[in-house]
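No hydrogens, no waters, no symmetry mates; every other heavy atom, side chains included, goes into these values. Order of appearance sets the numbers: ligands from 1, and atoms from 1 within every ligand. Only a predicted model underlies this, so the values are computations on that prediction, with no experimental measurement involved.
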Amino acid sequence: MPKQPRIRTDGPREFRIITESKRLCPSVALSPRLRAYFQKFSSETYRSFPWRDSGVGAFELLIAEVLLRQTKGDDVVGPWLALMAKYPDASRLSRAREGTLKRILQPLGLQNQRARALREIALALVAWHQGRVPLTLQELLRLPHVGMYAATAVSCFAFGERLPIVDANILRVFRRITGVNLKRDLRRSPEAWSLAWSILPRKASEHNYGMLDFSALVCSPTKPRCEVCELRAICAYGLRARP
Ligand code: SF4
């Protein structure tokens, strides 16, 4: 019998950082240019993943976001499709056999931790939310194994909330552009969330997908393509990079 998941107590603190950073939102000189650029980028370079399709529900998206942690989107496609075919809802995932789950997750690595996380999330959804994904950011942040990135991504992409999303890749882009040594721990980096709020347009989901794609395709971790990047003239890192 699987253990009952424990409710997270750090969720509300994370909720405060995300929401209060909106009030701290600086009037960054770069903001209008960044906002305009990411809007253009998202309309031109839209990566296609099955969890981005319009018919995908909040549960499927939540599972995808959990799998995407420290993993490339292309690698997640196969295991995510297999999971969704076998366990299309929280109730079925909560009763999944551990061995079967691990087999599906094996190509991603860390299958023991990932299998445990998925089952605990599913159990929490069944125990506290009748098997449904909660609608509010606060409740999402209380789920086990759901951090600031996954919670804001589900709120924005599945429920249409106007929220910024910041993951390690977007944080890297912000650090490079501003030249500011923003803290890598998203729970201790209200400045990063403030900057994300400051460039967020009304249509948040397209912008957020654009930011994720830009961080993967242009401002990548090891080989940023500064030579073709349109932000180079206003980017602290790009200005220092050799032509
Ligand atoms: S100029 Fe280089 S470092 Fe700056 S945002 Fe563009 S790709 Fe990233």
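- Shortest contact from atom 3 (S) of ligand 1 to any protein heavy atom: Tyr237 CD2, 3.4 Å.
- Ring geometry for Phe38 against His207 counts as perpendicular: the plane angle is over 60°, on a 0 to 90° scale with 30° as the lower cut.
- The closest non-hydrogen atom to atom 8 (Fe) of ligand 1, taken over Cys235, Ala236, Pro224, Cys219, comes from Cys219.
- Taking a cutoff of 4.0 Å between a charged side-chain nitrogen and a carboxylate oxygen, Arg172 and Asp167 do not qualify as a salt bridge.
- Tested against Leu200 for a side chain to side chain contact (heavy atoms under 4.5 Å, CB included), the candidates Leu163, Ile165, Asn208 yield a single pass: Asn208.
- Taking backbone and side-chain atoms together, Cys226 has no N/O/S atom less than 2.8 Å away from atom 6 (Fe) of ligand 1.
- Taking CD of Glu120 as the start and OG of Ser94 as the end, the distance is 12.0 Å to the nearest 0.5 Å.
- Shortest contact from atom 6 (Fe) of ligand 1 to any protein heavy atom: Cys229 SG, 2.4 Å.
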